[in-house]
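Everything below concerns the one structure shown next.
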Amino acid sequence: QVQVVESGGGLVQAGGSLRLSCTASGRTFSSVAMGWFRQAPGKEREFVGAISWGGVTTYYADSVKGRFTISRDNAKNTVWLQMNSLRPEDTAVYYCAASRGRQAQRLASYYNYWGQGTQVTVSS
């Protein structure tokens, strides 16, 4: 069983930055891809970004490309989501998820284990 825990959310003004952290328990962390998703009030959960098991490949949603960066440190069982130039439309609960395989994927169904989410609120 893998436990995923996010942290680092909060309130920030538009144009500001936040860095979310995600730690995952278990020996398999270094061999699986990790993803970030978000869900705004009244909207469906959407893909934000993903990183492959070794950190070589990353994918981003068009809405965050160039502003958000995913990285990971397998020695620390941690993945980060650096969010810059934040906009009010980035306001959402952000979820970290561990996948079933090594390659970064955009589909939520590819991910087996999910964290409880962390709230990010961007004020205008």
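Computed over heavy atoms, backbone and side chain alike; hydrogens, waters and symmetry mates excluded.
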Note to self: What's the separation between atom CZ in Arg102 and atom OG in Ser52, rounded to the nearest 0.5 Å?
What the structure shows: 10.0 Å
Item checked: Hphob cluster co-occupancy, Val79 + Tyr113, side-chain heavy atoms under 4.5 angstrom -> no
Check: Any side-chain heavy atom of Thr57 sitting closer than 4.5 Å to one from Tyr59?
Finding: yes
Notebook entry, point to check: Does a side-chain heavy-atom distance below 4.5 Å link Met34 with Ser99?
Noted result: no
Margin query: Whether the Asn84 and Ser17 side chains hold a donor-acceptor pair (N or O, under 3.5 Å, no angle test) is what I'd like checked.
Written below: yes
Margin query: Let's go through Val120 and Met83 carefully: what are the C-alpha distance in whole Å and the side-chain angles of both, what is the deciding distance for side chain to side chain contact (heavy atoms under 4.5 Å, CB included) to 0.1 Å, and is it a yes or a no?
Written below: CA-CA 10 Å; Val120 172; Met83 305 185 295; 3.9 Å; yes
Margin query: Taking Gly35's backbone N and O only, do any of them form a donor-acceptor pair with Tyr95's side chain (distance below 3.5 Å, no angle check)?
Written below: no
Next item on the list: For the residue pair Leu81 and Cys22, establish whether any side-chain heavy-atom pair is separated by less than 4.5 Å.
Entry: no
Checklist line | Distance-minimising heavy-atom pair for Ser21 and Trp80 | finding: OG-CD1, 3.2 Å
Next item on the list: For Arg106 and Val48, indicate whether the former's side chain and the latter's backbone hold a donor-acceptor pair under 3.5 Å.
Entry: no
Item checked: Side-chain donor/acceptor of Asn77 to backbone N/O of Ala24, under 3.5 Å -> yes
Next item on the list: Please report the shortest heavy-atom distance between Val32 and Arg72, naming the atom on each side.
Entry: O-NH1, 2.9 Å
Check: Will you find, in the side chains of Arg100 and Asn112, an N or O donor that is under 3.5 Å from an N or O acceptor?
Finding: yes
Check: Taking the six-membered ring where the residue is Trp, are the ring centres of Tyr60 and Phe47 under 6.0 Å apart?
Finding: no
Notebook entry, point to check: If two hydrophobic side chains count as joined below 4.5 Å and joins carry through other members, does Leu86 share a cluster with Leu20?
Noted result: yes
Margin query: As a quick check of understanding, evaluate side chain to side chain contact (heavy atoms under 4.5 Å, CB included) for Glu6 and Trp114, giving each step before the final call.
Written below: CA-CA 9 Å; Glu6 308 95 337; Trp114 294 78; over 6 Å; no
Margin query: If you compare all heavy atoms of Tyr111 against all heavy atoms of Ala50, which two are closest, and at what distance to 0.1 Å?
Written below: OH-CB, 3.3 Å
Next item on the list: Look only at the side chain of Thr91 and the backbone of Val122, and say whether a donor-acceptor pair between them is shorter than 3.5 Å.
Entry: yes
Margin query: More than 12 heavy atoms of other residues, nucleotides or ligands under 6.0 Å from CD of Gln82: yes or no?
Written below: yes
Margin query: I need the minimum non-hydrogen distance between Ile70 and Thr58, along with the two atoms involved.
Written below: O-CG2, 4.0 Å
Next item on the list: Report yes if the side chains of Ile51 and Trp36 come closer than 4.5 Å at any heavy-atom pair, otherwise no.
Entry: no
Margin query: Tell me if a side-chain donor or acceptor on Thr118 pairs with a main-chain N or O of Gly9 at a distance below 3.5 Å.
Written below: yes
Margin query: As a quick check of understanding, evaluate side chain to side chain contact (heavy atoms under 4.5 Å, CB included) for Val12 and Ser123, giving each step before the final call.
Written below: CA-CA 6 Å; Val12 63; Ser123 63; over 6 Å; no
Checklist line | Polar side-chain atom of Thr78 near backbone of Lys76 as donor-acceptor pair, under 3.5 Å | finding: yes
Next item on the list: State, with a plain yes or no, whether a side-chain heavy atom of Leu18 is found less than 4.5 Å away from one of Tyr94.
Entry: no
Check: Looking only at heavy atoms, which two atoms of Ser124 and Ala14 are closest? And how far apart?
Finding: CA-CB, 4.3 Å
Note to self: Give me the atom names and distance for the closest heavy-atom approach of Val2 to Ala98.
What the structure shows: CG1-CB, 4.5 Å
Next item on the list: Could you give me the CA-CA distance, side-chain angles and deciding distance for Arg38 and Asp90, then say whether side chain to side chain contact (heavy atoms under 4.5 Å, CB included) is met?
Entry: CA-CA 9 Å; Arg38 67 187 182 186; Asp90 294 319; 2.9 Å; yes
